[in-house]
Amino acid sequence: MAFLKRIEAHGFKSFADDLKIEFNTNIVGIVGPNGSGKSNINDAIRWVLGEQSVKSLRGEKVDDIIFNGAQGKAPLNMAQVTLVFDNSTKKFNSPFNEIEITRKVYRNSSENEYYINKTRVRLKDVQNLVIDTGLSKGSLAIISQGNVSKFADSKPEERRTLFEEAAGVAKYKKRKEESLRKLERTNENLVRVEDIVSEISRKIEPLAKQAQKAKNYLEISETLKKYEITLLVKDGRIFQDQLKELTNNIARNEAIDQSLKLKIDNHQQKLKFLKNKTYELDKNINSLEMNLTNINNLLNILEQQKKVLQDQAKQAREKTQNASEISKLTTNIQDLLNIINHKKVIHQQEQENLQQLNDKLANIVLQKDDVLISKNDLYSTLGTKKANLGFIIANQERQKQKNFAVETVLNNRNSLYGVIDIVANLIEVPELYQQAISVVLGNNLKNLVTKTDKDAAKAVNFLKENRAGIATFLPLNTIQVRPVFQEDMIVVNSQTGFIDFANNLVTTKSSNYQKAIDFLLARTIVCETLENARAISQLIAAKYQCVTLDGQLVKAGGAIVGGFQRQNNSNLSLLKKDDNLEAIKTEIKNLEQESVNLNIQITSFEAEINNFQTQKVKTDLIISKLNSEIIDLENRSQLLSTQYQNLTGKKIVLDNNQELNDIFAQYQKNKYQQENFNLQLQTLRQEKHQSLTEMQGLENEVYAFDQEYDTVITNLNSDKLAKIHLENKVEQILKRLVETYHLTFDRAAELYHQPLDNEDQARELVFKLRADLEDLGFVNINAIEEYETENQRYQNLKTKHQELTTAVKELLQAIDEMDKVMIEKFDATIKQINQVLPETFQTLFGGGNCQLRYSQPDDILNTGIEVLANPPGKKISNLNLLSGGEKSLVALAVLFAILKVKPLPLTILDEVEAPLDPANLERFARYVRNFSQTTQFIIVTHRPGTMENCDVLYGTTMENQGVTKMVTIKLADTKTTLSADSSQTTTVGLE
């Protein structure tokens, strides 16, 4: 069974068409004229088995081994050759009974592809597979005419390679070479590792000290953290409770303060009113006293005039009647009638006074009712304002709870560098556009603007560590604003209802923040109505969103969002800011002050009403008294008139003394005014006394209120100062927690809530640990990781150094062992060859002798091989003295000797017998036949003697110039046929 079963080639050199050569015999001849491509078979086999030198394949570059085209044949882009071997005898170290080795190469590519049994492999895998078969590069398995002459002409050291293949030490030599290269690399690595180890060892000791220092620092810091945070949480809670109590006290005192201010203001207003009233009373009293003095003087004069006139009238009556009793009655009746007339006049005046009092009282009551209506309206407005204030404050608190993450970041802004503020606090929006902007921005109003993305990342980690929720950040250095195209701006500018792009309607506190506003609003158009927005959106293909002044939204893409907007929109309230809150507080304060003024007016009206009612009662009493007095006086006058009639027997006729009557009437009138003035003076003096008493009481109350107010203010200032101190302490605690431990107070309280066994000892420990940390000075925290890394690296390098040292020893040991094996195998093989070489030499030469000899017997591992060949009748010392044919026979003798010692499964002979004469050629051919049982021969030849001894001949021809064709002739069958024909011819002749 042939070892090489089949060759398949396509595109290799002159094999343009698919080539398939079956080898079923052990002696195959390849014949053909020069240049027909018969040696390409040899090249193809060598190429598949791993030949890397293109020149040895008779080319200059890789593309030269790919079919380059011929007449009627286009160049090919790939060359591929496959060798199929029979591995039933396990010549290859593989479990497969058939081994298929393929090699491919593509034009314009230096990369080759190797396959074993259609599995992609490396060149090294192919070389390792064939190394034990004797088919590797440099062996005697593939010999050309050039190799034969080269064998004879080579130096002993160069000739050694052929015998190493025969001795089977090539693989050991290859392994040794690999081991030596590996040893060299290992030594280089070892030197490099030793340098690195030396360098690391110099810095690892100080790094170890730094790492230990850092560990101490971390250990102290961890203990400090545990106790300090626990104490901070406890102190914080105490301070917060105290703050809460102080806040309540402050609120209570502020309420008392406000109440006292109102009371004092109220009393001051009353005092002012009473002072003005007293001043007016004094003016009225002085006026009445002056009037009373004048009236008294007038009454004295009238009294004298009346007396004179009465005396004159009396004397006249006495002369005419001379009756004293009648005169007396007449005088009395006249006096009574004068008094009655006077009383009637007074009665009329009192009736008029009463009417005036009623009118004034009705007017005052109307004024009071108007003030009460105003007061009720004011209380209603005040209640509404207070309800609105409460709603706004409650809404703010709800928003804070709802946006807990945002509030957490804002509350810790001092510790989170780079956090600026929320969008709502960075912009100012005219009231006309607030509804539209609030709808567009929505929850984006609560986005947090930061300077950089690193600042945003720190804030995100802070929220994450404290489980404080999620917030959206706008880093000014990374957000990208999508531009508005100029042509779009030109289009929308001319449209009905277009107002502007939203970012142009918003002002920022600083131009540094404009990028964030552009990011949110640059692609939003503000329009007047929904119809305008729809028209503009359709015009620009819905590339931008459009919003109306009342908050209807046409989104980019065409979706419409709209409807009724609630007035308590939280986003809208963010844009309105706290101006409304402060305005409401101011209005409430003004309304409360106005309420005080109205109460004072009502009190004043009530006092006047009471005064008028008192005067009315007094006037009613006077009128009633006057009525009684007039009736009584009229009765008395009637009685006296009856007495006069009884005495005189006639009705009384009074003198018509008009002067006396006028004087009497004037006297009575002034007398009434005197009484009235006295009564008014008494009333005014009583009112003044009452006012002075009330003023004294109010002044006493104001003094008491002032004293209480001073106390409240003192307490309030003290509480506020204490509150500031406590707030500073709480702020320091919060700052310490955030800056040192990156914790909010709530998160710290959640993590460190366990009570301390001894608080005093814990505080002392905290002070001590802080001092210990200060004593440590500068600490390189990274030293721990650096030390661990360097130490790990150091240990790894030490381990690697040890491994390399061991590897060097093992490699040296392996090399020594391989050297021993190679020496033993090589020496044994040479000895075996020397045993059979003389016989082989004599067979080929017909006599003579040949021996192999070491050029350096003391160094068998590196020694060269000298060939001592003495053909029959000759004794020579140098192979170069032999003829070409003799040199070939020497080489062939050595080859056949090697085949006797170590049979090769395949030998390829490429015109090696060309220099031989016919006799030597015949011996060569017979010798090949002798080895054909153990070795498969592929012989490239053009010698008839060689051809005759082949089992099969493959002929190469070029019907088309440049393209090789193969023709097969089975010589064994042909010889049998010829032999039969010869026998028949002989028989016929004998007959």
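All heavy atoms count here, side chains included; hydrogens, waters and symmetry mates do not. FYI, the numbering just counts along the sequence from 1.
Residues that satisfy the salt bridge (charged side-chain N to carboxylate O under 4.0 Å, His left out) test with D819, not counting sequence neighbours, are K176. Checked against salt bridge (charged side-chain N to carboxylate O under 4.0 Å, His left out), E759 has the following partners two or more places apart in sequence or in another chain: K234, R763. Taking the side chain to side chain contact (heavy atoms under 4.5 Å, CB included) definition, one finds that E177 meets it with K173, R181, sequence neighbours left out. Partners of A762 according to the side chain to side chain contact (heavy atoms under 4.5 Å, CB included) rule, which considers only residues two or more places apart in sequence or in another chain, are Y227, L231, L756.
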Under 3.5 Å, sequence neighbours excluded: what are the donor-acceptor pairs made by side chains of residues 193-213?
{"from": "E194", "atom 1": "OE2", "to": "H801", "atom 2": "NE2", "distance (Å)": "3.1"}
{"from": "S198", "atom 1": "OG", "to": "R202", "atom 2": "NH1", "distance (Å)": "3.0"}
{"from": "S201", "atom 1": "OG", "to": "V197", "atom 2": "O", "distance (Å)": "3.0"}
{"from": "S201", "atom 1": "OG", "to": "S198", "atom 2": "O", "distance (Å)": "2.7"}
{"from": "Q210", "atom 1": "OE1", "to": "N780", "atom 2": "ND2", "distance (Å)": "3.4"}
{"from": "Q212", "atom 1": "NE2", "to": "N216", "atom 2": "OD1", "distance (Å)": "3.2"}
{"from": "K213", "atom 1": "NZ", "to": "L776", "atom 2": "O", "distance (Å)": "2.8"}
{"from": "K213", "atom 1": "NZ", "to": "F778", "atom 2": "O", "distance (Å)": "2.8"}

For residues 467-476, run the donor-acceptor check on the side chains, cut-off 3.5 Å, and write out each pair with its distance to 0.1 Å, sequence neighbours left out.
none

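Side-chain N/O atoms of N411 and T408 include no donor and acceptor closer than 3.5 Å.
In this structure, CG on L445 lies 9.0 Å from CD1 on I437, to the nearest 0.5 angstrom. Note that CG of L123 is 6.5 Å distant from CZ of R103, once rounded to the nearest 0.5 Å.
Comment: R237 does not engage D241 in a salt bridge, judged by the lack of any side-chain N to carboxylate O separation of less than 4.0 angstrom.
Residue-environment remark: CZ (R482) stays at or below the threshold of 12 foreign heavy atoms within 6.0 Å. Surrounding CD of E727 are more than 12 heavy atoms belonging to other residues, nucleotides or ligands, all under 6.0 Å away. In this structure, K825 places its NZ atom where only 12 or fewer heavy-atom neighbours from other residues, nucleotides or ligands lie under 6.0 Å away.
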Pair E817-K820, salt bridge (Lys or Arg N to Asp or Glu O under 4.0 Å): steps then yes or no | CA-CA 5 Å; E817 291 176 357; K820 290 179 181 178; over 6 Å; no

Could you walk me through whether E465 and N461 pass the side-chain hydrogen bond (donor to acceptor under 3.5 Å, both in side chains) test, one step at a time?
-> CA-CA 6 Å; E465 290 172 2; N461 289 331; 5.9 Å; no

Could you go step by step and tell me if D518 and K515 meet the salt bridge (Lys or Arg N to Asp or Glu O under 4.0 Å) rule?
-> CA-CA 5 Å; D518 292 342; K515 186 178 181 182; over 6 Å; no

Would Q732 and R736 satisfy side chain to side chain contact (heavy atoms under 4.5 Å, CB included), going step by step from the backbone distance to the final call?
-> CA-CA 6 Å; Q732 288 174 0; R736 176 74 175 171; over 6 Å; no

Stepwise, does the side-chain hydrogen bond (donor to acceptor under 3.5 Å, both in side chains) test hold for N466 with D746?
-> CA-CA 8 Å; N466 290 280; D746 292 338; over 6 Å; no

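I229 places none of its side-chain heavy atoms less than 4.5 Å from the side chain of L751.
When each of L426, T450, N425, D455 is tested with I420 by the rule side-chain contact (heavy atoms from CB on, under 4.5 Å), just one qualifies, namely L426.
In this structure, R160 satisfies the cation-pi test against F826, with its NZ or CZ atom closer than 6.0 Å to the six-membered ring centre and inside 45 degrees of the ring normal.
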